[in-house]
Student: 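Below is one structure. I have some questions about it.
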Amino acid sequence: MPRTMQTGSFRWMKSINKSIILNVIREKGPIPRAEIAKVTQLTPPTVTNIVGELLDAGIVVESDLGESTGGRKPILLRINASAFSVIGVYAGVDKIRAMSADLDGNLEGEAEVPIPPNPDRSFYIRSIIDTIHQLAAPIHHSGRPLLGIGVGMSGWVDHEQGISLSCPSLNLRNIPLRDLLEREFSVPVEVENGVRTLAMGESWFGEGREIADFICVHIGNEVNAAFVKEHSLVYSPSFTAGELGHTTVDIEGPLCGCGNRGCLEVFGSSVAMVRRAQEGLDQGVISSLNHHEGPLSERVLFEAAREGDEFARAVLVDTGRYLGIGLANIVNLFNPRRIILCGDLISEVPYVLHSLQETVEQRALATPVADVTIVPAGLGRNGGPMGAVTLVLMKLFQPQH
């Protein structure tokens, strides 16, 4: 157990210099003190004093000796990643997924709790807490400190206060998640909007690692985007930036839950895709889906498409076309270098992605479309909880201005 750091707390590390030094050791370690001073432009005594505190806390350890440049071989420093744990939670509409990891993002444990339709507020909060307890218990028994918990939550989130402002898909509002979880677990908690959580996971561990600016788009029951500039999230005053699903693609289109007609979400979401397929079946389309027992779902559509059902494939291609229209607008507006796509609609079957990419190439302006690459997320189904882990790592390693 570290001598000077309370279990579950890293608030003492909010000094900018400490965060800068920690991040340099994380990115460039094993590294000697002299090189840290050169990279950070901090004075050698400042580096020595801060490194001493980090060594006492146990979060940094001395590693092998480095190459000599004429005198004694320097002592190298590295992050003591495996000695600490963090927990990341992705609170979705139909399930809550969580993982524990070390400070390098290596998976230690996983947990999942299903959510029934239309859960009430107390049940949903209790489900989040129970999921975290499944992972916190073995961490506690191991004796490793739990440094923090990150939560990615569907809907609008005030990340500064840690409040889930509105989750329309669950009809839940104003949940003070940070306060509730900090009281329950006595560790710092970070709460963020779901797609922004995904974006940070991709920035640290996925397709955004080598690029400073990109746009992350999540396609599921909703269609949302997050904007990353210089490795940091871009926010708006009311925390609603990125509502790509509520941009209009057809003014005479179906009614959207937001009250407008023809939003991208009523054409390009998984819910819209299933609805469009069901309408086709009701009108007598010939398909293997006519013989399916039980309610139609995106999984059923995916499987039918894999087995060669032309109608199922056409529905997926149409979905990609609608999404491509929305992304072509993004390309023309922001001229991004990369768009990272998250969600089962992208990762499960190729038809949506191929149709989407073709539509963007056809509809976006030639100059910006030549600059952009559109790629599936690198983290797959672990993107949500891994992104939530990243929320904690960001607070630990990135300078807090």
Side-chain angles (χ1 to χ4, degrees), residues 7-8 79 81-116 119 123-154 164 170 177 180-182 184-209 216 218 220-221 298-299 302 340 342-348 376-396:
T7 299
I79 299 296
S82 61
F84 299 87
S85 294
V86 298
I87 291 175
V89 182
Y90 196 71
V93 174
D94 57 353
K95 60 179 171 288
I96 295 167
R97 293 196 63 240
M99 64 181 289
S100 57
D102 67 16
L103 301 189
D104 284 333
N106 296 314
L107 177 68
E108 295 177 342
E110 294 180 280
E112 184 174 303
V113 172
I115 300 297
F123 180 89
Y124 195 78
I125 293 170
R126 190 69 245 171
S127 296
I128 294 175
I129 290 173
D130 289 346
T131 309
I132 297 171
H133 272 299
Q134 289 185 43
L135 297 175
I139 293 172
H140 175 73
H141 291 317
S142 74
R144 294 189 311 276
L146 174 62
L147 291 189
I149 298 167
V151 182
M153 181 78 183
S154 177
S164 172
L170 293 168
L177 270 179
L180 291 170
L181 297 180
E182 286 187 347
E184 179 76 17
F185 295 99
S186 300
V187 298
V189 175
E190 302 299 325
V191 183
E192 185 54 275
N193 157 273
V195 68
R196 295 192 185 100
T197 301
L198 291 167
M200 286 296 93
E202 291 296 320
S203 180
W204 279 52
F205 299 106
E207 288 291 337
R209 280 176 298 177
C216 184
H218 179 255
N221 291 337
E298 62 181 79
R299 294 287 172 185
F302 293 162
I340 301 173
C342 306
D344 290 346
L345 274 178
I346 301 301
S347 61
E348 292 285 343
L379 296 177
R381 69 185 300 270
N382 282 333
M386 193 71 232
V389 163
T390 306
L391 299 178
V392 181
L393 299 182
M394 287 167 58
K395 285 290 184 180
L396 179 62

Student: With sequence neighbours left out, write down each residue that passes side-chain hydrogen bond (donor to acceptor under 3.5 Å, both in side chains) with Glu202, or none if nothing qualifies.
Tutor: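 Partners of Glu202 under the side-chain hydrogen bond (donor to acceptor under 3.5 Å, both in side chains) test: none.
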Student: Who passes side chain to side chain contact (heavy atoms under 4.5 Å, CB included) against Ala388, sequence neighbours left out?
Tutor: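 Testing Ala388 for side chain to side chain contact (heavy atoms under 4.5 Å, CB included), a comparison that skips the adjacent residues, returns Thr197.
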Student: Under 3.5 Å, is there a donor-acceptor pair between the side chain of Asp102 and the main chain of Asp104?
Tutor: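 Yes.
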Student: Between OG1 of Thr390 and CG of Leu379, what distance do you get to the nearest 0.5 Å?
Tutor: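 Rounded to the nearest 0.5 Å, the OG1-CG separation comes to 7.5 Å.
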Student: Within a strict 4.5 Å, meaning less than it, do heavy atoms of the Val189 and Leu177 side chains meet?
Tutor: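 When only atoms from C-beta onward are counted, Leu177 and Val189 do not touch, as no gap falls below 4.5 Å.
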Student: From Ser85 OG over to Leu103 CG, what is the distance, rounded to the nearest 0.5 angstrom?
Tutor: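 Output value for this atom pair is 8.0 Å.
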Student: Report the C-alpha separation of Met394 and Trp204 in whole Å, then their side-chain angles, then the decisive distance to 0.1 Å, and conclude whether the side chain to side chain contact (heavy atoms under 4.5 Å, CB included) test is met.
Tutor: CA-CA 9 Å; Met394 287 167 58; Trp204 279 52; 3.7 Å; yes
Student: side-chain hydrogen bond (donor to acceptor under 3.5 Å, both in side chains) with Glu207: which residues, sequence neighbours excluded?
Tutor: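 Scan of Glu207 (side-chain hydrogen bond (donor to acceptor under 3.5 Å, both in side chains), adjacent residues dropped) gives none.
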Student: Quick one: side chain to side chain contact (heavy atoms under 4.5 Å, CB included) partners of Pro138, sequence neighbours excluded?
Tutor: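 Here no residue qualifies.
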Student: What is the minimum heavy-atom distance between Phe84 and Glu108, and which atoms define it?
Tutor: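 Looking at all heavy atoms of both residues, the shortest contact is O-OE2, 4.1 Å.
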Student: Of the non-hydrogen atoms in Ile149 and Val392, which two are nearest, and what is the gap between them?
Tutor: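 In terms of heavy atoms, the two residues are closest at C-CG2, 3.4 Å.
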Student: Which residues satisfy the ring pair (Phe, Tyr, Trp, His ring centres under 6.0 Å) test with Phe185, sequence neighbours excluded?
Tutor: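 Checked Phe185 against ring pair (Phe, Tyr, Trp, His ring centres under 6.0 Å); matches are His133.
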Student: To the nearest 0.5 Å, tell me how far Leu396 CG sits from Ile79 CD1.
Tutor: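 Rounded to the nearest 0.5 Å, the CG-CD1 separation comes out at 7.5 Å.
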Student: Under the side-chain hydrogen bond (donor to acceptor under 3.5 Å, both in side chains) rule, collect the residues that match up with Asp130, sequence neighbours excluded.
Tutor: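 Partners of Asp130 by the side-chain hydrogen bond (donor to acceptor under 3.5 Å, both in side chains) criterion, ordered by chain and then number, come out as Arg126.
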Student: May I have all residue pairs that pass salt bridge (charged side-chain N to carboxylate O under 4.0 Å, His left out) and include part of residues 384-394, sequence neighbours excluded?
Tutor: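 Salt bridge (charged side-chain N to carboxylate O under 4.0 Å, His left out) check on residues 384-394 returns no pairs.
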Student: About how many Å separate CG of Leu391 and CE of Met200, when rounded to the nearest 0.5 Å?
Tutor: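 It comes to 8.5 Å.
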Student: In Å, rounded to the nearest 0.5 Å, how long is the span from CD1 of Ile340 to OG of Ser203?
Tutor: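 Those atoms lie 8.0 Å apart.
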Student: Compare every heavy atom of Cys216 with every heavy atom of Val195, then report the nearest pair and how far apart it is.
Tutor: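 Minimum heavy-atom separation between Val195 and Cys216: CG2-O, 3.8 Å.
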Student: A side-chain contact here means heavy atoms from C-beta on lying under 4.5 Å apart; do Lys395 and Glu190 qualify?
Tutor: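 They are in side-chain contact.
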Student: For Glu182 and Pro188, which heavy atoms make the closest approach, and how far apart are they?
Tutor: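 The answer is OE2-CA, 3.5 Å.
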Student: Throw together a table of side-chain donor-acceptor distances under 3.5 angstrom for residues 91-99, partners on residues two or more places apart or in other chains.
Tutor:
residue : atom : partner : partner atom : Å
Arg97   : NE   : Glu112  : OE1          : 3.3
Arg97   : NH1  : Arg381  : O            : 2.5
Arg97   : NH2  : Glu110  : OE2          : 3.4
Arg97   : NH2  : Asn382  : OD1          : 3.2

Student: Which residue in the set Val187, Leu135, Ile139, Val389 passes side-chain contact (heavy atoms from CB on, under 4.5 Å) when paired with Val86?
Tutor: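 Of Val187, Leu135, Ile139, Val389, side-chain contact (heavy atoms from CB on, under 4.5 Å) with Val86 is met by Val389 alone.
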Student: With a 4.5 Å cut-off on side-chain heavy atoms, are Ile115 and Ser127 touching?
Tutor: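 Yes - at least one pair of side-chain heavy atoms lies under 4.5 Å apart.
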Student: Ignoring hydrogens, what is the shortest heavy-atom contact between Pro119 and Pro116? Give both atom names and the distance.
Tutor: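 Distance-wise, the nearest heavy atoms are CD-O, 3.3 Å.
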Student: Do the non-hydrogen side-chain atoms of Glu184 and Ile132 ever get within less than 4.5 Å of each other?
Tutor: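 In short, these two side chains do not touch, never coming nearer than 4.5 Å.
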Student: Just verifying a value: how many Å separate Leu107 CG and Ser100 OG, rounded to the nearest 0.5 Å?
Tutor: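 Between Leu107 CG and Ser100 OG, I get 6.5 Å after rounding to 0.5 Å.
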Student: The criterion is side-chain hydrogen bond (donor to acceptor under 3.5 Å, both in side chains); which residues satisfy it with Ser142, sequence neighbours excluded?
Tutor: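 For Ser142 the side-chain hydrogen bond (donor to acceptor under 3.5 Å, both in side chains) partners, ignoring immediate neighbours, are Arg144.
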